[in-house]
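Chain identifiers are assigned alphabetically (A, B, ...) following the order of the sequence lines, protein sequences preceding nucleic acid strands; residue numbering begins at 1 within each chain.
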There are 2 protein chains.
Amino acid sequence: MTALGFEAHDHSGCIDDALERAESRCHDAKLQFTPARRRVYEILLQGHQAMGAYDILEILGKGGHSVQPPTVYRALDFLLRAGLIHRIERLNAYAACMLLADHDAGDASHVPAFLICRQCRTVAEAEGDRSTDGLTDAAAASGFVVETRVVEAEGLCPACSEGGDRP
Amino acid sequence: MTALGFEAHDHSGCIDDALERAESRCHDAKLQFTPARRRVYEILLQGHQAMGAYDILEILGKGGHSVQPPTVYRALDFLLRAGLIHRIERLNAYAACMLLADHDAGDASHVPAFLICRQCRTVAEAEGDRSTDGLTDAAAASGFVVETRVVEAEGLCPACSEGGDRP
DNA sequence: TGGGGATTGATACAGTATAACATATCACCT
DNA sequence: AGGTGATATGTTATACTGTATCAATCCCCA
Ligand SMILES: [Zn+2]
Ligand SMILES: [Zn+2]
Ligand SMILES: [Zn+2]
Ligand SMILES: [Zn+2]
C-alpha cells in the first residue's frame, strides 16, 4: 500500500481532475455542487494540506464581504457527506480526499489512513481496509459494532525531515 | 487481540490497582504524582468512559472552591506524558489507560486502539501494534517518519447495541 | 400560483484549549 | 540562614472550534 500526497506531481491538473470528478459525482448522486461548496472545495484542493475551518473562513472573507462560521461548516458538512473531503481528527481540520479515483462515493470499506506532517500540515492518504486497521479482531471478540474508524499518524514528511527535525 | 473495557469486573479493585501502579510508576520515573493530578486521575478511573476536560472541571468544582481550566489541562498533560491516560481524538476527551499492566511507561511500541461507544461513551482499549495499523507500509514507502498514531473506532458497545440502535 | 424542500444569511452562543503572569513550594548549594 | 533554579499551582483573560436559531431566498413542480 502506498500513500498519495508527498510526491511531486502536476498539481494544477490534479486540481482540475478533482473538480471534474466532484462535479460528475455530485450530479450522479443528485447532490447540488453549489458555488459556495465548490469554493470551499477549491480552497482545500489548493495544497495537500489540512486546513482548519477558520483558515478557510479567512480566505473566503478576503473578498470584502463578510462570511460567518456556519457558511463554512455547512459546506464542510456537505463535502464530508459527499466523500470529497476528510476530517483530520488529530488537527480538528479538513483535507481533500486524494483517492477519489480509487473508490466509490458510498464505499463503506474505504478506511482512509492519514500521514500528517506536524510541521507543514501536509497530509498523505493511504487506502487502508478493515483487515489491517488493528480493530476488527478486537471489536469482533468483544461484540462491539464498528460504524466509523479513524486511523492517523503524525510525524514528519520527507521534505520536513530533511531539515531540522525538532519543532 | 482482545479489548478491555466492556466486560464485567471488580471495578473497585480495578481502580485501586491502577492507583497503586500509577504511584509506583511515577515514583520510579521521578515524577510527582501530586494531589491535584491524583484527583483528576481518580475521576477518570471512576468509569471506563471518556470525559471532557470540562466534565472533570465540573466534578472538581463540586467542593465549593473554584477551579479553572488550566488546572485541569495541566493535570491532563501530566497524566498523558506519564502514559496513565489517553486522549480520545474523536471526542476531544480523555480516558484512563486500561493496559497499564501490559506495557512500560515509555514504551513507544504501545499503539493503543480504541473502541468508543457513541451512546454511552464507554471506551475499550485494545493493544494494537505497528504491523496492524495499516500505516507502517505506507509510511515506509513514502519516507514519512511516524511519531504518534491514532487508531479509534466509533460505534455501539455490546450493552448499547442490545437496545435501540438509532441515536 | 403557491407549497415544500433545500440552501444561504445573520446573530448569538456553547464547548474546547491556551497565553501570560503571579505565587508557592521544594531541593540544593554557599 | 539566605540565595537560586526547577517545578507546580493560582488567576485572569483570551483564542480556537463548532452549533442553535430564525429569517430570507431559491427552485422545482403539482
Ligand atoms: Zn495535487
Ligand atoms: Zn512537512
Ligand atoms: Zn474497571
Ligand atoms: Zn454503549
Taken in chain and number order and not counting sequence neighbours, the residues that satisfy ring pair (Phe, Tyr, Trp, His ring centres under 6.0 Å) with A/Tyr94 are none
To the nearest 0.5 Å, atom CZ of B/Arg39 lies from atom CD1 of B/Ile56 at 10.5 Å
Q. Is A/Phe78 touching bases, backbone alone, or none of the nucleic acid, heavy atoms closer than 4.0 Å?
A. nothing
Identify each donor-acceptor pair in which a side-chain atom of residues 12-21 of chain A lies under 3.5 Å from a protein atom, sequence neighbours left out, and give them as a table.
none

**Asked** Do the side-chain N or O atoms of B/Arg39 get closer than 4.0 angstrom to the phosphate oxygens (OP1, OP2) of D/dT9?
**Response** no
Sequence neighbours excluded, the answer for side-chain hydrogen bond (donor to acceptor under 3.5 Å, both in side chains) partners of A/Gln68 is A/Ser66
Residue set satisfying side-chain hydrogen bond (donor to acceptor under 3.5 Å, both in side chains) with A/Thr34, at least two apart, ordered chain then number -> none
* Asked: Shared ILVMFWY cluster between B/Ile43 and B/Leu80, side chains joined below 4.5 angstrom?
  -> yes
Contact string for nucleotides 25-30 of chain D, one letter per nucleotide 5' to 3', B = base within protein heavy-atom range under 4.0 Å, S = sugar-phosphate only, - = neither, reads ------
Write down the protein N/O and nucleotide N/O pairs, taken from nucleotides 20-27 of chain C, whose separation is under 3.5 Å; answer none if there are no such pairs.
| residue | atom | partner | partner atom | Å |
| --- | --- | --- | --- | --- |
| C/dA20 | N6 | B/Arg74 | NH2 | 3.3 |

From CG of B/Asp55 across to P of C/dA14 the rounded distance in Å is 16 Å
Whole-Å distance, B/Met51 CE to C/dT16 C1', equals 15 Å
The salt bridge (charged side-chain N to carboxylate O under 4.0 Å, His left out) partners of B/Arg87 (sequence neighbours excluded) come to B/Glu89
| query | OP1 or OP2 of C/dA17 less than 4.0 angstrom from a side-chain nitrogen or oxygen of B/Tyr73, does that happen here? | reply | yes
Within residues 30-38 of chain A, the residues having a heavy atom closer than 4.0 Å to DNA chain C are A/Gln32, A/Thr34, A/Ala36, A/Arg37
note: B/Gln68, atom CD; D/dT14, atom C1'; distance rounded to Å ~ 14 Å
So ring-ring contact (aromatic ring centres under 6.0 Å, His included) across residues 45-68 of chain B, not counting sequence neighbours, yields B/His9-B/His48, B/His11-B/His48
The residue, A/Tyr54 or B/Ser66, whose nearest nucleotide of DNA chain D is more 5′ is B/Ser66
Applying side-chain contact (heavy atoms from CB on, under 4.5 Å) to B/Thr148 and not counting sequence neighbours gives A/Arg90, A/Glu154
Those residues at least two apart in sequence (or on a different chain) that pass ring pair (Phe, Tyr, Trp, His ring centres under 6.0 Å) with B/His27 are none
Taken to the nearest whole Å, CG/B/Leu57 to P/C/dT18 is 14 Å
Across all chains, not counting sequence neighbours, the side-chain hydrogen bond (donor to acceptor under 3.5 Å, both in side chains) partners of B/Glu23 are B/Arg38
A/Arg81 CZ to C/dA6 P, in whole Å, measures 10 Å
